[in-house]
Enquirer: 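Structure in structure tokens, see below.
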Amino acid sequence: MVIFNNTTSSSSHFLLTAFPGLELVHVWISIPVCCLYIIALLGNSMILFVIIVEQSLHKPMYYFLSMLSAAALCLTISTLPTVLGVLWFHVWEISFNACLIQMMFVHTFSFFESSVLVAMAFMAICNPLKYATILTDMTIMVIGLIICIRQVIFIFTMSLFLKSLSFHGGQELSHPFCYHPDVIKYSYSKAWISNSLGMFLQLYLSDTDLSFILFSYVLILRTVLSIAAPKKQQKALGTCVCHLCAVTVFYMPMISLSIIHCFLSSTSSVVCSILANVYLLLPPVLNPIIYSLKTKTIRQAMLQLLQSK
């Protein structure tokens with residue numbers, strides 16, 4: 001809370017919105033939204049729990065998968081109170097400090113998930129079929145340390161930036177949660193400075209990681225195509241399909257939402273709200289489905305756990 005002491009304004013809150021113009025049916029809209037939150041929470045919790053308790057899943061691929069589920073869980077929990085508060089209880093106001101803290105959580109866990117996806121791409125580069133023997137526990141620890149260092153750098157940079165800002169009070173945000181490009185446009189700082197830093201953080205967060213992932217898939221495809229045995233080639237491609245689906249599900253909504261905020265300010269507020277909820281809920285909901293359906297060992301571990309209970 002101390003890092004936000006410099007945020008001053010004539011009014012000490014923002015106003016959250018969810019599906020403008022559809023306030024009368026917010027209760028009905030909340031039903032599918034709540035279902036998606038429940039699926040995200042249960043699905044990621046189940047995968048995380050299964051990987052922790054099942055000794056046979058203590059392998060590099062599943063370590064990364066558990067980190068992906070943990071990031072999705074934290075991201076879901078960080079936005080749940082305000083989203084349901086707006087839809088159920090019509091709690092529109094959020095204080096500056098609470099808004100900025102939520103924004104830090106949203107972007108920190110998004111950045112963490114992005115880092116894990118990059119690490120999984122690196123794992124696949126090593127060898128789509130033999131990564132388990134190449135990536136030792138020490139290698140996993142080093143990769144985890146690099147991810148933590150990136151997180152610290154990101155949090156420290158964003159905290160320093162936010163500490164120097166002041167905001168216009170009582171402004172209406174475009175979403176039921178605090179999102180950096182949405183919040184930063186109400187700062188007293190010069191617009192070009194705020195937008196430039198916002199774009200830099202966005203490029204650092206998504207585009208750099210995405211570029212590395214795309215480059216890694218060029219190397220992966222070259223390796224896979226050089227495999228002579230059709231069965232091994234098919235297995236290698238299957239190993240990469242889950243990761244590619246997770247990358248698409250994670251990056252597409254996030255980049256689309258950022259582009260709308262930066263360049264398409266005239267876009268309908270309802271479209272922005274829908275895209276924001278897709279950005280929040282699609283990756284946490286689909287990732288457990290993608291990995292549980294495509295990974296036989298996780299399915300078997302889940303079934304054994306349920307049968308034993």
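Basis for what follows: all heavy atoms, side chains included, without hydrogens, waters or symmetry-related copies.
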Enquirer: What verdict does the side-chain contact (heavy atoms from CB on, under 4.5 Å) test give for V106 and L75, after you've listed the backbone C-alpha separation in whole Å, the side-chain angles of each residue and the deciding distance to 0.1 Å?
Expert: CA-CA 6 Å; V106 168; L75 183 60; 4.1 Å; yes

Enquirer: Other residues, nucleotides and ligands only: do more than 12 of their heavy atoms fall within 6.0 Å of CZ on F105?
Expert: no

Enquirer: Should L73 and I52 be counted in the same cluster of Ile, Leu, Val, Met, Phe, Trp and Tyr side chains packed under 4.5 Å apart?
Expert: yes

Enquirer: Measure up the F177 and H175 rings against each other and bin them: parallel (under 30°), tilted (30 to 60°), perpendicular (over 60°).
Expert: parallel

Enquirer: So, Y279 and S110: side-chain donor and acceptor under 3.5 Å apart, yes or no?
Expert: yes

Enquirer: Identify the heavy atoms of R150 and S115 that sit nearest to each other, and give their distance.
Expert: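 That closest heavy-atom pairing would be NH1-OG, 3.1 Å.
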
Enquirer: Do V183 and L100 come within less than 4.5 Å of each other through their side chains, counting heavy atoms only?
Expert: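 Yes, close enough: below the 4.5 Å cut-off.
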
Enquirer: Would you compute the distance between atom NE2 of H26 and atom CH2 of W88 and round it to the nearest 0.5 angstrom?
Expert: 14.0 Å

Enquirer: Given side-chain contact (heavy atoms from CB on, under 4.5 Å), test I47 with M302 step by step and report yes or no.
Expert: CA-CA 8 Å; I47 286 183; M302 286 183 176; 3.4 Å; yes

Enquirer: According to a hydrophobic-cluster definition based on side-chain heavy atoms being under 4.5 Å apart (Ile, Leu, Val, Met, Phe, Trp, Tyr only), do V142 and I153 belong together?
Expert: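 No, V142 and I153 fall in different hydrophobic clusters.
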
Enquirer: Does the plane of the ring in H90 sit parallel, tilted or perpendicular to the ring in W92? Use 30° and 60° as the thresholds.
Expert: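 H90 vs W92 ring planes: tilted.
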
Enquirer: Would you mind reporting whether F112 and C74 have side-chain heavy atoms less than 4.5 Å apart?
Expert: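 The answer is no, as the side chains (C-beta and beyond) never meet within the 4.5 Å cut-off.
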
Enquirer: Applying the side chain to side chain contact (heavy atoms under 4.5 Å, CB included) criterion to L16, which one of V91, I94, V83 satisfies it?
Expert: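 The passing option is I94.
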
Enquirer: How many angstroms lie between CD1 in I147 and CD in E113, if you round to the nearest 0.5 Å?
Expert: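 One gets 11.5 Å once the value is rounded to the nearest 0.5 Å.
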
Enquirer: Side chain of S69, backbone of S66: donor and acceptor closer than 3.5 Å?
Expert: no

Enquirer: F212 and L214: same hydrophobic cluster, using ILVMFWY side-chain contacts below 4.5 Å?
Expert: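 Hydrophobic grouping puts F212 with L214.
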
Enquirer: Could you measure the distance from the CD1 atom of I39 to the CD1 atom of I289? Nearest 0.5 Å is fine.
Expert: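 Going from the CD1 atom of I39 to the CD1 atom of I289 covers 6.5 Å.
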
Enquirer: Does the side chain of H58 come within less than 4.5 Å of Y63's, by heavy atoms?
Expert: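 Yes, close enough: below the 4.5 Å cut-off.
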
Enquirer: Under the 3.5 angstrom rule, does the side chain of N287 hit a backbone N or O of N44 as a donor-acceptor pair?
Expert: no

Enquirer: Between Y251 and D209, is the side-chain contact (heavy atoms from CB on, under 4.5 Å) condition met? List the steps.
Expert: CA-CA 10 Å; Y251 284 105; D209 289 351; 3.3 Å; yes

Enquirer: Which heavy-atom pair separates P253 from V249 by the least distance, and what is that distance?
Expert: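 In this case the closest contact between P253 and V249 is CD-O, 3.1 Å.
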
Enquirer: Work out which heavy atom in T82 is nearest to a heavy atom in T79; give both atom names and the distance.
Expert: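 Smallest heavy-atom distance, with atoms named: OG1-O, 3.2 Å.
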
Enquirer: Could you see if V25 belongs to whatever hydrophobic cluster contains L84? Use Ile, Leu, Val, Met, Phe, Trp, Tyr and a side-chain cutoff under 4.5 Å.
Expert: yes

Enquirer: What's the verdict on side-chain contact (heavy atoms from CB on, under 4.5 Å) for L65 and I298, showing C-alpha distance, side-chain angles and the deciding distance?
Expert: CA-CA 11 Å; L65 183 53; I298 290 182; 3.1 Å; yes

Enquirer: Please check if the number of heavy atoms outside I31 that lie under 6.0 Å from its CD1 is greater than 12.
Expert: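 Enclosed.
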
Enquirer: Distance from L68 atom CG to I290 atom CD1, nearest 0.5 Å?
Expert: 9.5 Å

Enquirer: Which residue, S30, P81, P176, forms the side chain to side chain contact (heavy atoms under 4.5 Å, CB included) with V86?
Expert: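 With V86 as partner, S30, P81, P176 yield a single side chain to side chain contact (heavy atoms under 4.5 Å, CB included), made by P176.
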
Enquirer: Could you grab the distance from atom NE2 of H13 to atom CZ of F96, nearest 0.5 Å is fine?
Expert: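 One gets 8.0 Å once the value is rounded to the nearest 0.5 Å.
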
Enquirer: Supply the atom-to-atom distance L24 CG to F19 CZ, rounded to the nearest 0.5 angstrom.
Expert: 14.5 Å

Enquirer: Over all heavy atoms of both residues, which pair between Q151 and T108 is shortest? Give the atoms and the distance, please.
Expert: NE2-O, 3.0 Å

Enquirer: Hydrophobic cluster membership, with links at side-chain heavy-atom distances under 4.5 Å among I/L/V/M/F/W/Y: are L210 and M252 in one?
Expert: no

Enquirer: How close do G170 and L15 get, heavy atom to heavy atom, and via which atoms?
Expert: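 Residues G170 and L15, closest heavy atoms: O-CD1, 3.7 Å.
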
Enquirer: Would you confirm whether Y62, through its side chain, and S56, through its main-chain N or O, come within 3.5 Å as a donor-acceptor pair?
Expert: no

Enquirer: Over all heavy atoms of both residues, which pair between L80 and L41 is shortest? Give the atoms and the distance, please.
Expert: CD2-CD1, 4.4 Å

Enquirer: Within the distance-only criterion (no hydrogens, no angle test), does the side chain of Q102 pair as donor or acceptor with the backbone N or O of C178 below 3.5 angstrom?
Expert: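 Between the backbone of C178 and the side chain of Q102 there is a qualifying donor-acceptor contact (under 3.5 Å).
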
